[in-house]
2 protein chains.
Amino acid sequence: MARAIPTTPRKSATQKRSQAMVETLLDATARVLTREGYDRASTNRIAATAGVSVGSLYQYFPNKEALVAALVARHNRQMLELLRDALKEVASFDLATAIGELVRAAVDAHLVDSALHRIFAEQVPRLGQLAKIDALQQETFLMVRAYLEERRAEISVPDLDSATAICVTAVEALTHEFVINRPEALDGDRDRFIGEVTRLIVGYLRPADGATPRVAAPRRRARTGGL
Amino acid sequence: MARAIPTTPRKSATQKRSQAMVETLLDATARVLTREGYDRASTNRIAATAGVSVGSLYQYFPNKEALVAALVARHNRQMLELLRDALKEVASFDLATAIGELVRAAVDAHLVDSALHRIFAEQVPRLGQLAKIDALQQETFLMVRAYLEERRAEISVPDLDSATAICVTAVEALTHEFVINRPEALDGDRDRFIGEVTRLIVGYLRPADGATPRVAAPRRRARTGGL
DNA sequence: AGACAATGCGAGTCATAGCTCGCAAATTTA
DNA sequence: TAAATTTGCGAGCTATGACTCGCATTGTCT
């Protein structure tokens, strides 16, 4: 007798296995990428490193691009998570303190796996799905914009869109440059870097009294523990 | 009688021909790169586009990397030229005006061949000689640092090295982002962008009296060295 | 247990790209 | 003009890497 169609959704046990294999493959991809670079990261090598056959790899990812794109997505998710958390914590701080913590979060985000991050930035071609490497900033933009909107009163910049773009781009670039290419400058001194960048941004968003005629009259400098 | 060694330096006519061929090859490389992207830019295709044989190509460039590296060098030279000129013109201006003109020069530099610039940024892997893609900033750093040193009196930042790095990185990233990824934001409005960025930088270098926001820096460690 | 589906395997296929090498054309020297 | 040398050519060699496909193993259901 013909049984019910066996093409039924997979068992949860199997689903867990699949999930595990995907994770294993992504981990292997990350390892091979950081150790060998993008050019030498062939799908064969990745599969071998994962202790899996190429065939299996192609059961879970249709092509190499999809594999790398999935890794990029995972990495970006991890970085964004830190920023999201920071934005939550910072919601009620005054602007300067908040920006400081956000910059700190940006640094932490770049330290999540800086070696891998460098490979993404320097070697992975931004084509097709991989164009999403920069899309990190897309999401970041929206989150930061929402925050700045909340703090609108403390900001003396007319166009919030441009302002957000400028701040996000500047902080991202500076954090990237110092974490990836000048790590020695941060060694014992991370706070100094954070302070400088914070000053750059806060000075831009809320220019000093007198520079912008009587817009920001009351300067309430709530102390750090403002929560 | 044995003649003088024929391995004598080439004739000037021939040298011109060689020079011309090199230029032709670089032009073809640029065209293929922007039209097809880095992956599809095979040496065969480049040679064909140049109206030259692959063999000839390899007489002038030992490998593909060298070819692309030469193109990158040429492009960077063109961009740097604009900045150098701007720095000369600006030597006697006051800080704010000077920075404005320098930012304008940065925008112009990115417009030299923005399509090619994008390919370099997004697709050409930074490996071996090609690592020099970012080296543009190296030279820029020195030139800008020298200028800031001249204007030391107008600048209230302690460490000039950090300050230069921050300014150069920020301006480069912002210019790049807006020219390459948000050109519509500059269309009729280039001056507005330039003004914003200038304000960002000038406000950082020469913060208004009393407006220096207190930077919230928990666990701040006193230290002297550069960032 | 037995049968059938799902998952895993990896040697092998196919395509492409970097690069070479022997010959031809052009240019120079005497 | 004839020999010598440089420059240009492009078919083809070699290596490599993305991806496939038929078989083996594992797992599930009755």
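Lettering follows sequence order; numbering is per chain, from 1. Every value quoted in this text rests on a predicted model; they were computed, and no experiment measured them. Worth knowing before you read on, the calculation uses all heavy atoms, side chains too, and leaves out hydrogens, waters and symmetry mates.
- Put simply, Thr43(B) has a side-chain N or O that comes within less than 4.0 Å of OP1 or OP2 on dG18(C).
- Side-chain atoms of Glu196(A) and Tyr204(B) form a donor-acceptor pair, as typed in the model, at a separation below 3.5 Å.
- Nucleotide dA26(C) holds its C1' atom 14 Å from the CE atom of Met21(B), rounded to whole Å.
- Remark: P of dC19(D) and CG of Leu25(A) are 14 Å apart, rounded to the nearest angstrom.
- Summarising the geometry, atom CZ belonging to Phe178(A) is positioned 6.5 Å from atom OG belonging to Ser162(B); distances are rounded to the nearest 0.5 Å.
- Here the P atom of nucleotide dG17(D) and the CG atom of Leu67(A) are 15 Å apart, to the nearest Å.
- With rounding to whole Å, Tyr38(B) atom OH is found 11 Å from dA17(C) atom C1'.
- Asn44(B) has its CG atom 12 Å from the P atom of dT16(C), to the nearest Å.
- For Tyr60(A), the listed nucleotide lying nearest its side chain is dT7(C); candidates were dT7(C), dG18(C), dC19(D).
- Following rounding to the nearest Å, Asn63(B) (CG) and dC19(C) (P) show an atom-to-atom distance of 5 Å.
- Nearest heavy-atom pair across Gly100(B) and Thr198(B) is CA-OG1, 3.4 Å.
- Between the CZ atom of Arg40(B) and the P atom of dA17(C) there is a distance of 8 Å, rounded to whole Å.
- Distance CG (Asp39(B)) to C1' (dG17(D)): 13 Å, rounded to an integer number of Å.
- Within residues 45-59 of chain A, the residues that place at least one heavy atom under 4.0 Å from DNA chain D are, in residue-number order, Tyr58(A).
- Note on ring orientation: taking the six-membered ring where Trp is involved, the planes of His117(B) and His176(B) are tilted (angle from 30° to 60°).
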Could you go through the salt bridge (charged side-chain N to carboxylate O under 4.0 Å, His left out) check for Glu23(B) and Arg74(B) one step at a time?
CA-CA 10 Å; Glu23(B) 291 302 312; Arg74(B) 191 176 78 169; 2.8 Å; yes
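- Under the 4.0 Å criterion applied to side-chain N and carboxylate O atoms, Arg182(B) and Asp187(B) are not assigned as salt-bridge partners.
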